[in-house]
Amino acid sequence: MKLGSWLTSTAVVSAALGLAIAISQGAEKEVQIAFLNPLSGNNVDAGQQDLNAATLAIEDINKAGGIKALGGAVIKLVIVDTTSDPKNAASTAERVFSTQKVAGAVGTGISGLTLPILPVAEKSRIPIITNSVNDQITSLKYKYTFQVTPKGSQFGSTQVQFLKALNETYGLGIKDVAVVYENSGYGVSTASSIKEIAASAGLNLVLFEAYPHGFTDASSLVTKIKASGAKALFPVAYTTDAKLIINTMKQMDVSPVIIGGGAGFLWPVFAKEMGPAVNGFVSVASWNWDSKSISSVPELASITTRYEEKFGTFMTEHAGPTYVAVRMLAEAMEIAKSADPVKVREALSTFDNDKIGGFMQPGRVKIDGTGWNGAVHPVMIQWQDDKPRTVFPAMDAVRTFKR
Amino acid sequence: MDSTIILQTTLNGLMIGGVYALVAVGLTLIFGVMKIVNFAQGEFVMLGMYVSWALATFVGIGPYPGLLIVAVIMFVGGWLTFKLLIIRIIGKSDEAFILLTLGLSIFLQNITLLAFGADYLTVTTTVKDAAIRFGGLAISLPRLIAFGVALVMVAALTLFLNRTDTGRAMRATAESREVATLLGIDPVSCFAVAFGVGTVMAGIAGVLLTPMFYVYPGVGTLFNTTAFIVVVLGGMGSLTGALVGGLLIGIVEALGGTFVSLDLSQLFAFLIFLAVLFVRPSGLFGRSA
Amino acid sequence: MNRTGRIFLAALAGAAVLLFPVVTTTPYYIHTVLMVFLFATMGLGWNLIGGYGAQLSLGHSTFFAIGAYSAVLLMVNYEISPLVGGIVGMVLACGAAVVIGLPCFRLRGPYFCLATIAAGEIARILFLHFQEFTGGANGVPLPFHGDDILTLQFSSKAPYYYLALGLLVAVFVLVRWMEKAKIGRYLAAIREDQDAAESLGVRTDRVKLIAYVLSAAITAAAGVLYAFTVGYIDPDGVASLNLSIEIAVVVIVGGIGTLWGPVLGATVVVLLTELTNMYLGSLRSGASLVLYGLLLIVVVVARPKGLISLFDRAPAASLPKQVGTRVHVA
């Protein structure tokens, strides 16, 4: 009987898996794109924004007549929940790449989930465009990996340059700075890039401290910031941690110039939490909805307006690049005149576009030899009138920084 | 070393310790009476936060005034959970309880995600960034309130267990189910009360946490491991132990975080925890086996 | 069913498992069954201490991570073959098991369980903290340099499948032998009543430690295979409490303290995760895990002794009793 149970279970495996194959065939004039992002677990909030953006991009493409080079084929999104567990991310990628016919893939926005997916895409020969910011992603020499967003190491330099500009414009004379960062891939790469260039920018690093992601008490951290005497603070923080840090700083009456980094200072919930006090906060962002290259082009600006109408919040730094990634895949199919993933990859590898590419600052997407959009750089935003506005660098800025 | 920093750090530790104790009290009560580790306790804290958020958003009752309403709703929820699920595996093995409460925790987190979506929610209070300041020191007001409530809860529960018939019956059940049955006590109804009250404690903790944290489906997991180690450190089932354990862990984490390294602060908590266990395997206030 | 019938069925099942990657070339199906093998292997290993020894451990991801990190780091930094690195990892995991086990085995019941959680979290924090050495939160990706058995890198899934199958069979045979050997009887005695076993002269700490160390080595081996199959490791993925819990859940769902329980449990849990994710994952956030959580609840309410009890004709033999610890309130 016990052997029987083993046999039964084996039979169930094969049957269940076999059944799934049948469902995957699409209609004639339909091209599928895989969407891989966390729709459950700890990172679900990011995944949901990516999904919103991808849905909007598909709608836009199909409304405009689908893929013209393929006789107006409509695009269908194959939505895959990678969950927030790297182990599942790998196996869900295996699933979609080997049981579905897809022209390419977008995702994920979380480095720890993207990295296990990349080898799967490489072996399956499916081009994947990610909006994760980890520096390692395009250093692995994968041919099928494309990264549309700025790299983590650029965030730090943008923040430092911004502070330098503040010092010059307002004569602040800030020298002593503190860096506190979440101990995650994103936090580590941003923080270490600040550390690397701080000295050359004439800054004196008085505190450089990692804290565990999802910690429950920021008071030790703030005590240290206070004791360090820093005049400016670079906090790299995700949502919950940013709330803790900001509220604790108010409680302990610590008020250096804050130059934020990361989702914690950018997402709509931060405005809800802070109320009117949100205005004035600055942060670095991998993308912002009103950067000059977007708001100066009506077609591009209308994307952000429609996103806001449809989903109730401004388009976030996760949503923007995902939207671009989907449109890039469609554009690559037009160039390749094919939905064959190998040909789509070829088209992506020399992708250079300032139409939909204008949706990424500084107004162009240009893929370099490593698969990275080397044209891109992060921007600084400041909350004004309850929304994040691009204030730096000058080429992307639409508002001026207010003290 | 600057004495203000040492004082401030100790205060920080005491305050977060109060929060830890608050989360651990319900867990230790359930453990003490029923001998089960409830892996869904963090999710009850999360549900308490959502109820508190709903009250604030739809009815306009803020977290602190709504405390009693949340407590009542959570008691009903806990009691139902007991009657529908927990009761079915009483007397079964430890691992059955682990699996049941794990399943419950996954279920509750995701049903919340289904119902409310992935967005972080926030309850606006004037208290959230308020503090009491004196002599260069600062005490976070929401944490001070949580600390105070933790003290009151431990005192009230201790009184309840010592001075009421139900409480005494629960203590007898905790000591020995067999003996309790011989004395004419119905252990199962004692379990039901313990589970219900434990859930209320989690809910109250949730309410007091809403000014400090965003409300989202995974928020309960922030405290999971800490709550476990506080309970074991104090001695499973000991309310005073949960309080002292919470404060000890809080202070150790704060001192380690301020004076050594923040990303290692939890490490110190775990080390203290293991060290205490090895010297006193039944915890600080636990009766040895 | 008679003996011939059973042998016939066993041969059939064996052939099906062996030929599976030949019949289907779809990497996903091979990958899924491979994950079943890995979890079955870890379940069998966990069961040595958690089931037969009745010491519920929720810290096994530490050993998984030690195996994975040793093999990967030795290869990436020193170009040492994972065949060697894997053994180094298993030995290190055994060492860690001794360090954790010696003090923790003084603790009983839930105290032991929670101490292993603490030990596991300590390991995760250390993996995160020593960035220069482990790559910290960034994790370690394994760049693919073409097929090579010495570096355990294959463009196809099938070689990993057979390696995992081989590991599973080896561990299964080992555990089966242990069940009948002296150590198996000692473990059974400890499970029934540790104090009585001690009074009969069983050196319980030593017996438990042997089981724990073996179980750590098995988990580490699975970690090595996982790392090379997936090609990326990071502390939150391979050293997490979630993974520790998953390993235990596999065994509890299948049937704790039984030989076939972990195998059945791994099959059911892995397939359940995949199927709920496949059909509900894209519907609405959370739907797949709602069903997964519900199914765990249903299994434990309907079959508290695990799904393996569905196949028992007679009531299950001795299963671990509730580990009682006297605790007082207030």
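In what follows, chains carry the letters A, B, and so on, assigned in the order in which the sequence lines appear, proteins first and then strands, with residues in each chain numbered from 1. The figures here come from the full heavy-atom set of this structure, side chains too, leaving out hydrogens, waters and symmetry mates.
We find the OG-CD1 distance between B:S105 and C:I297 to be 9.5 Å, quoted to the nearest 0.5 Å. Atom OG of B:S282 sits about 9.5 Å away from atom CG of C:L107, to the nearest 0.5 Å. Atom CD1 of B:I229 and atom CG of C:L114 lie 10.0 Å apart (nearest 0.5 Å). Between the OG1 atom of B:T225 and the CZ atom of C:R124 there is a distance of 7.5 Å, given to the nearest 0.5 Å. Note that the CG atom of C:L291 and the CD1 atom of B:I106 stand 11.5 Å from one another [nearest 0.5 Å]. Here SG of C:C104 is found 8.0 Å from CG of B:L277. Values are rounded to the nearest 0.5 Å.
Most heavy-atom pairs under 4.5 Å with chain C, from the set B:I89, B:L113, B:L114: that is B:L114. Chain B forms the most heavy-atom pairs under 4.5 Å with one residue out of C:I252, C:L296, C:L126, and that residue is C:I252. Heavy-atom pairs under 4.5 Å with chain C peak, among B:V154, B:L271, B:D263, B:T221, at B:D263. Between chain C and the residues B:L264, B:I111, B:T101, B:T112, the largest count of heavy-atom pairs under 4.5 Å involves B:L264.
For B:I98, the part lying under 4.5 angstrom from a heavy atom of chain C is the side chain only. Looking at B:V37, only its side chain comes within 4.5 Å of chain C, counting heavy atoms on both sides. For chain C, the nearby parts of B:L104 are the backbone and the side chain; heavy atoms of each come within less than 4.5 Å. Both the backbone and the side chain of C:I122 come within less than 4.5 Å of a heavy atom of chain B. With a threshold of 4.5 angstrom between heavy atoms, C:L241 approaches chain B through side-chain atoms but not through N, CA, C or O. Of the atoms belonging to C:L289, heavy atoms from both backbone and side chain fall under 4.5 Å from chain B.
Closest heavy-atom contact between B:A96 and C:P304: CB-O, 4.3 Å.
C:H129 has its side chain within reach of B:S261: a pair of non-hydrogen atoms, C-beta onward, lies under 4.5 Å apart. Counting heavy atoms from C-beta on, the side chains of B:F39 and C:L58 come closer than 4.5 Å. Between C:V253 and B:L99, the closest side-chain pair of non-hydrogen atoms falls below 4.5 Å. Side-chain atoms of C:Y292 and B:N110, non-hydrogen and from C-beta on, never get closer than 4.5 Å to each other. In this structure, the side chains of C:P110 and B:F31 come closer than 4.5 Å at one or more pairs of heavy atoms.
Within the 3.5 Å criterion, the main-chain N or O of B:F278 finds a donor-acceptor partner in the side chain of C:R106. Of the possible polar contacts, one joining the C:Y111 side chain to the B:M236 backbone as a donor-acceptor pair under 3.5 Å is found.
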